[in-house]
Amino acid sequence: MAEGHPQRPAAALARAQQQRARLAQGDDRHHGVACRAAPEPVAVPGDAVAPVAVVAQARGGELLAQLLGVVGVECVAGALEQRVRQLFARRVVAQEAWDGHHVVVHTAALGAPGDIGGQAFEQVVGTAEPAREGVDPRAVGQRGAPGPCQLGQAGIAGREERALLVVHGPTLLLFRTPIRMNSAAGAPGGPAADDGGMLFADVARVSREVAGTSSRSRKTQLLADFFRAAEPDDAPIAIAYLAGRLPQGRLGVGWAALRDRAAPAAQPSLTVRGVDAALTAVGEVSGQGAQAGRRALLQDLFGAATAAEQEYLLGLLTGEVRQGALDAAAVEGLAAATGADPAGVRRAVMLSGALEPVAQALLADGPRALAQFRLTVGRPLFPMLAASAKSVTEALARLGPCAVEEKLDGIRVQVHREDGRVTVFTRTLDDVTERLPEVVAAAAGLDAEQFVLDGEVLALDAEGRPRPFQETAGRVGSRVDVATAAAALPVAPVFFDVLALEGRDLLDLPYAERHAALEQLVPVAQRVRMQPVAHPEDADELRLAEDFFAATLARGHEGVVVKGVDGTYAAGRRGASWIKVKPVHTLDLVVLAVEWGHGRRTGKLSNLHLGARAEDGSFVMLGKTFKGLTDALLDWQTEQLLARAVRDDGHVVTVRPELVVEVAYDGVQTSPRYPAGLTLRFARVLRYRDDKTPAEADTVETVRAAHTATR
DNA sequence: GTGGGCAAATTGC
DNA sequence: CTCGGACGGATTCGG
DNA sequence: CCGAATCCGTCCGAGGCAATTTGCCCAC
């Protein structure tokens with residue numbers, strides 16, 4: 001496998017949650033770690049607020065008074081500041097002001113573009129002047145247009161309204177509109193690091209600040225400030241940390257190694273590179289006594305860390321950093337810090353398969369560095385993902401002329417070949433070449449020297465029907481004795497896209513042209529089946545598509561992916577031009593127990609234990625789900641289930657089996673864990689069936705029949 | 001010392 | 001993987 | 001027709017199950 005390849009943050013977080021779930025019982029000391037740090041009070045000079053001119057008599061004045069009051073000012077700082085920055089970053093030329101029943105704030109003294117530090121808000125406030133009368137609100141236009149410009153809208157945490165900011169001349173206009181409100185989270189302000197030294201404490205602080213605001217643009221600003229102060233050599237590491245991930249990837253450190261920690265240091269002294277070196281050392285410990293050795297190194301590291309640093313380190317090591325900003329936010333922040341185009345930065349990241357090198361190059365050389373990041377055969381890029389639709393008809397309606405392709409239930413692979421060398425990557429860009437000799441052989445047999453193919457690998461039985469997903473996944477997961485595994489369960493690649501061919505980059509070609517290239521390169525036996533639909537509004541063609549969907553299911557596959565003929569390959573994105581359609585199955589199951597939620601679901605009963613009815617009238621647990629629950633439903637079920645509780649051990653609340661839920665699922669799979677030997681794949685709650693009693697719930701036999709039917 | 005049991009870490013969907 | 005909710009910008013709608 | 005309301009793309013976090021490998025510990 002790729003040594004030290006950074007793991008995907010989302011995946012890492014999910015794993016961490018598993019750990020946490022296991023440890024949740026009798027150990028809830030970590031709950032606070034993941035949650036946002038309490039907002040720190042922000043010191044706002046009293047006379048900075050005073051000069052503000054509140055022109056409006058109506059809501060605007062009231063709003064600004066509220067916004068600038070002691071209570072709300074830290075919330076506003078984020079929303080306003082970001083807009084002011086945006087204004088100057090985009091060099092919007094402003095001319096005149098409109099006030100009406102809104103608020104006008106003078107911005108003339110902000111200084112030169114790019115010279116707006118963390119104090120922008122205070123400067124704005126401090127230089128406010130009375131607004132002029134008579135500016136026409138109808139003249140408000142879009143950014144870049146002459147005249148007044150709407151800069152954008154910003155939710156303000158803790159207030160049930162949205163600020164709408166318009167600039168005209170040296171004047172900012174603040175509107176408000178009521179909105180549904182998010183959770184209150186004050187944004188701690190504070191200037192960025194005031195020196196070039198990259199202390200680990202700075203990273204921890206920025207992470208905490210980012211976690212403290214729910215505004216995405218505010219997160220971006222915080223990250224941008226941070227990156228501006230970063231040295232290129234520090235950036236890759238710091239970015240990884242800020243994205244909640246360790247550059248080392250796997251470290252062999254779990255909860256056990258972190259249970260007892262050294263007392264925190266009083267003063268921050270750790271540098272980013274120092275922490276990185278220490279963690280690398282931890283990762284390199286192996287062999288006899290490895291655990292103890294790691295523990296000792298970690299003790300040293302934690303002993304040198306302040307309490308805040310320890311908390312952050314712990315979050316990083318356990319994958320529990322929750323700051324509401326991962327790679328996407330880092331990309332935005334990086335673009336803002338370097339003046340590069342955000343879309344360009346994003347594309348560079350997707351094509352190079354990693355954020356860190358892009359960050360380093362951008363900070364060292366500026367926006368022009370982006371040009372060096374292109375699709376490179378041999379280096380993986382993030383695969384394109386698909387949106388989803390409930391039916392083929394819906395997907396066709398959204399796409400127009402398109403093609404319907406089989407969706408195979410296997411492992412996504414990206415196959416590169418260059419100079420006779422074949423490399424195979426997974427969806428998370430792990431190198432699995434060694435584990436999939438069949439794929440290597442297939443790629444080697446194609447008649448081209450250089451290419452990148454996108455496809456799926458899966459095990460088929462003698463009749464060409466797919467084996468259960470679990471078998472394919474097990475095979476791809478095995479790396480110890482590949483030859484034996486391959487003999488026992490051969491797998492085969494099935495390709496559906498070509499991204500590069502003989503020196504040409506095909507990403508920006510429309511699907512139809514890429515597919516034509518695919519047909520030239522890959523024999524039909526190694527391509528997914530495909531049904532073109534040139535005129536989806538035509539009833540005959542629509543039926544053709546529906547029939548293809550049905551036939552695909554009949555062949556034992558998962559569903560279809562509908563692809564617009566004009567769509568380009570949107571690396572790393574859930575592109576709108578790919579839409580997957582899978583059949584939905586449902587069951588009515590009984591709630592046997594429920595678990596207390598974590599994070600934002602703390603205090604709510606969240607994760608339902610689902611049971612099917614057995615012949616003797618008892619209930620057999622089939623799995624759990626927490627998905628599909630709206631906040632309202634969560635509240636409702638908490639109340640209802642508590643009323644039926646028979647036991648609560650602090651983690652699992654056992655209830656009388658009285659409530660019936662309708663559950664959707666993607667399939668039934670065998671389970672080593674549950675008593676029936678069966679469990680549901682991707683179960684989610686559709687609704688509670690108050691019209692059904694547990695005696696009317698679906699039976700284990702029904703589920704078993706569904707299992708045999710779908711495999 | 002060696003093998004079995006177990007927990008932890010990863011990764012797939 | 002799944003889903004719901006939040007954010008921010010774009011577009012639509014009602015007086 | 002303008003200004004407020006709504007929509008939409010995107011991101012994030014909550015949390016699921018199965019399978020595999022690796023290293024530690026304990027019993028023999």
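Keep in mind it's a predicted model, so treat the numbers as computed, not measured. So that the names make sense, note that chain A is the first sequence line, chain B the second, and so on, each numbered from 1.
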(message) What is the distance, to the nearest angstrom, from the CZ atom on A/Arg573 to the C1' atom on D/dC11?
(response) 12 Å
(request) State whether A/Arg673 places a side-chain N or O below 4.0 Å from either non-bridging phosphate oxygen (OP1 or OP2) of D/dA18. (result) yes
(request) Can you sort out the partners of A/Phe425 under side-chain contact (heavy atoms from CB on, under 4.5 Å), two or more places apart, ordered by chain and number? (result) A/Pro380, A/Gln414, A/His416, A/Thr423, A/Asp431
(request) May I have the distance from A/Asp409 (atom CG) to C/dT2 (atom P), rounded to whole angstrom? (result) 11 Å
(request) Examine B/dC13: is either OP1 or OP2 under 4.0 Å from a nitrogen or oxygen in the side chain of A/Arg427? Give yes or no. (result) yes
(request) Taking only the side-chain heavy atoms of A/Ala328 (C-beta and beyond), determine which of D/dC12, B/dC13, D/dA18 contains the nearest atom. (result) D/dC12
(message) Less than 4.0 angstrom between a side-chain N/O of A/Asn607 and OP1 or OP2 of D/dA14, yes or no?
(response) no
(request) Could you list the residues that satisfy side chain to side chain donor-acceptor pair (under 3.5 Å) with A/Lys627, not counting sequence neighbours? (result) none
(request) Ignoring the backbone of A/Gln470, work out which of D/dA19, D/dC17, C/dC1 is nearest its side chain. (result) D/dA19
(request) Measure from the side-chain heavy atoms of A/Ser478 and tell me the nearest of C/dC1, D/dT21, D/dA18. (result) D/dT21
(message) Among residues at least two apart in sequence or on other chains, which ones pass ring-ring contact (aromatic ring centres under 6.0 Å, His included) with A/Tyr665?
(response) A/His585
(request) Look only at the side chain of A/Gln637 and the backbone of A/Leu605, and say whether a donor-acceptor pair between them is shorter than 3.5 Å. (result) yes
(request) Under 4.0 Å between any heavy atoms, over every strand shown, what does A/Lys604 touch: base, sugar-phosphate, or nothing? Just pick one. (result) nothing
Give each protein N/O atom lying under 3.5 Å from an N/O atom of nucleotides 3-5 of chain C, with the pair distance.
unit_1	atom_1	unit_2	atom_2	d
C/dG5	OP1	A/Asp631	N	2.8

(message) Can you identify which nucleotide, out of D/dA18, D/dG15, B/dG12, has its nearest atom closest to the A/Phe626 side chain?
(response) D/dG15
(message) Over all strands shown, is A/Thr625 touching base, sugar-phosphate only, or nothing at heavy-atom distances under 4.0 angstrom?
(response) nothing
(message) Please enumerate all residues that pass side chain to side chain donor-acceptor pair (under 3.5 Å) together with A/Thr426, with sequence neighbours excluded.
(response) A/Thr428
(message) Tell me the interatomic distance from A/Arg398, atom CZ, to D/dC8, atom C1', rounded to whole angstroms.
(response) 11 Å
(request) Tell me whether the OP1 or OP2 atom of D/dC12 has a side-chain N or O from A/Lys219 closer than 4.0 Å. (result) no
(request) Indicate yes or no: at least one non-hydrogen side-chain atom of A/Arg573 is less than 4.5 angstrom from one of A/Arg346. (result) yes
(message) Nearest to the A/Lys624 side chain among C/dG8, B/dG12, D/dG16, which nucleotide is it?
(response) D/dG16
(message) Whether A/Thr670 contacts D/dA18 is assessed here as follows: a side-chain N or O lying under 4.0 Å from the phosphate OP1 or OP2. Is that the case?
(response) no
(message) What is the distance, to the nearest angstrom, from the CG atom on A/Leu634 to the C1' atom on D/dA14?
(response) 10 Å
(message) Just the rounded figure in Å: distance from C1' of D/dG16 to CZ of A/Phe469.
(response) 13 Å
(request) Calculate the interatomic distance between A/Leu385 atom CG and D/dC12 atom P; express it in whole Å. (result) 14 Å
(request) Go through C/dT2, D/dT22, B/dG12 for me and flag the one nearest to the A/Val480 side chain. (result) D/dT22
(message) How many whole angstroms separate atom OH of A/Tyr665 from atom C1' of B/dC13?
(response) 17 Å
(message) Going by the rule side chain to side chain donor-acceptor pair (under 3.5 Å), which residues pair with A/Glu438 if we only count those two or more places apart in sequence or in a different chain?
(response) A/Arg475
(message) Please tell me if A/Arg346 has a side-chain N or O lying less than 4.0 Å from either OP1 or OP2 of D/dC11.
(response) yes
(request) For A/Ser606 and for A/Ala576, locate the closest nucleotide of DNA chain D by heavy-atom distance; then report the residue assigned to the nucleotide nearer the 5' terminus. (result) A/Ala576
(request) Could you please name the option among D/dT10, B/dG12, D/dG15 that lies closest to any side-chain atom of A/Ile411? (result) B/dG12
(request) Just call it for A/Thr472: base, sugar-phosphate, or nothing, with non-hydrogen atoms closer than 4.0 Å on any strand. (result) nothing
(request) Before accepting this row, confirm whether a basic side-chain N of the pair A/Arg681/A/Asp409 lies closer than 4.0 Å to the acidic partner's carboxylate O. (result) yes
(request) Under 4.0 Å between any heavy atoms, over every strand shown, what does A/Arg475 touch: base, sugar-phosphate, or nothing? Just pick one. (result) nothing
(message) Tell me the interatomic distance from A/Arg681, atom CZ, to B/dG12, atom P, rounded to whole angstroms.
(response) 14 Å
(request) Would you kindly compare A/Asp481 and A/Thr679 by the position of their nearest DNA chain D nucleotide and give the one closer to the 5′ end? (result) A/Thr679
(request) Indicate whether OP1 or OP2 belonging to C/dC1 is found under 4.0 Å from a side-chain N or O atom of A/Lys582. (result) no
(message) Using the rule side-chain contact (heavy atoms from CB on, under 4.5 Å), only one of A/Thr679, A/Leu680, A/Leu678 pairs with A/Gln669; which is it?
(response) A/Thr679
